Amino acid sequence: MLRMIICVSLVIFGRELAAADLPAAQPFGTTQTGDNVEVYTLRNDAGLVARIMTRGATLVELQVPDANGVSDDVILGFDDVAGYESSDNAYFGCTTGRVCNRIANGTFALNGHRYELAINNGPNHLHGGTENSLDKVIWNAEPFVSGDGRGIVFQYSSPDGEEGYPGTLNVTVTYTVTNQSNDLKIDYAATTDKATPVNLTNHAYFNLSGAGASTVLNHVLLLNADLYTPVDDTLIPTGSVETVVDTPLDFRQPQVIGNRIEELIGTATLGYDHNFVLNASNPGELNTAAVLTDPESGRRLHIRTTEPAVQFYSGNFLNGQKGKGNRTYALRSALCLETQHYPDSVNQPKFPNTVLEPGQRFQSSTVLEFSIAP
Ligand code: BGC
């Protein structure tokens, strides 16, 4: 079937793609439990190089040229599987789920049943659990070529009850690069055999000056959001949705990240760690979530998503851990822009629904587009 799709694509687009163009798997190491981990490399003609491993369908490297054409790796991560399995790993580059962000007190009720999840963040459940959350399991990988694009479909079947969640969840995450635009596209899909909450994101930590550079406080950020969801002391949304106007969360016009971050130091978030509600001009279509610019390198990242929100997290818990190439990841040396549904949605009836029903198909897309700032 895959071969047929490839052949048809070749005829339609007339490019000289061949089986040899299929991204090949390379060994990345072995987990503590003896599973082999592989890594795939995707490239386009504009110099974008993305490496993704089968543990957690994790983006381990993202090379992007700067204004002078010099490439650097703009995301945090580790050189080996042991690094990713260590306590230094703050979800670097992973696929996050089954439910990203927090679920209050690690519990929710659905169809008359109460479900209990791991409590792994203060009194709450964070990023899908502790042992077999989507960032920690080994995914199947299927490379493909289509038109002038190349990609990998990562697939994982999470059994009923895994990490306390109901239903067998069949998830795919597809990473694609093409020569049509200088971007990495991430498509998520999921089906279930029992009603279950689903909220998927990628947890890449960006520093557009290159991973390991001092801080991202000089980066300039635009967020396409008039509203955000305030949180309590344990970072659970209070349920209200409020304006960003007259707060340090107003990024409707591009703002230097460091300019107002100090105003948040004394708050529960210790910096930026907020869910921004996106102004969606076309709900369900790709809308701008964020535009991040690094004045030093000239690199610009434009994030579009079909998701209704984005978590802007300014790396407030980075603590000087050593990452790729023995570089130090200091406090605020990277930031995350996690496209998502609102945190704790399963317990918040007023928030957009995150419960996937049998017979439905969850689908969502996020595009990371790189350019040079004018
Ligand atoms: C959360 C932060 C958390 C970080 C690393 C982010 O998605 O919003 O509060 O510290 O992930 O786990």
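Just so you know, ligand 1 is whichever comes first in the structure, and atom 1 is the first atom listed for that ligand. Only a predicted model underlies this, so the values are computations on that prediction, with no experimental measurement involved.
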Element-labelled atoms of ligand 1 that are located less than 4.0 Å from some non-hydrogen atom of [X]:
| X | result |
| --- | --- |
| Glu338 | 6 (C), 7 (O) |
| Gln311 | 8 (O) |
| Tyr313 | 2 (C), 4 (C), 10 (O) |
| Asn101 | 8 (O) |
| Tyr91 | 12 (O) |

Check your understanding: Counting heavy atoms only, which of Tyr205, Phe317, Phe312, Phe92 is nearest atom 10 (O) of ligand 1?
Key ->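 Shortest heavy-atom distance from atom 10 (O) of ligand 1: Phe317.
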Per-residue contact class, [X] against ligand 1 - non-hydrogen pairs under 4.0 Å:
| X | result |
| --- | --- |
| Arg102 | side chain |
| Leu126 | side chain |
| Asn316 | neither |

Hydrophobic clustering (ILVMFWY, side-chain heavy atoms < 4.5 Å, transitive) - are [Y] and [X] grouped together?
| X | Y | answer |
| --- | --- | --- |
| Val220 | Leu249 | no |
| Val74 | Leu337 | yes |
| Val173 | Val60 | no |
| Leu331 | Leu217 | no |
| Val231 | Phe312 | no |

Check your understanding: What protein heavy atom sits nearest atom 9 (O) of ligand 1, and how far away is it?
Key -> Asp273 OD2, 2.4 Å
Review point. Which protein non-hydrogen atom lies closest to atom 6 (C) of ligand 1, naming both residue and atom, and how far is it?
Key: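 Minimum-distance protein heavy atom for atom 6 (C) of ligand 1 reads His203 NE2, 3.4 Å.
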Review point. Would you say Val291 and Arg300 make side-chain contact, with heavy atoms under 4.5 Å?
Key: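 They are in contact (side-chain heavy atoms under 4.5 Å apart), so the answer is yes.
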**Study point:** Side-chain heavy-atom pair Tyr165, Leu110 within 4.5 angstrom cut-off
**Key:**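 Answer no - side chains too far apart.
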Practice item. Identify whether NZ of Lys or CZ of Arg in Arg150 sits under 6.0 Å from the centre of the six-membered ring of Tyr40 and within 45° of that ring's axis. Key: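 No, Arg150 does not lie over the aromatic ring of Tyr40.
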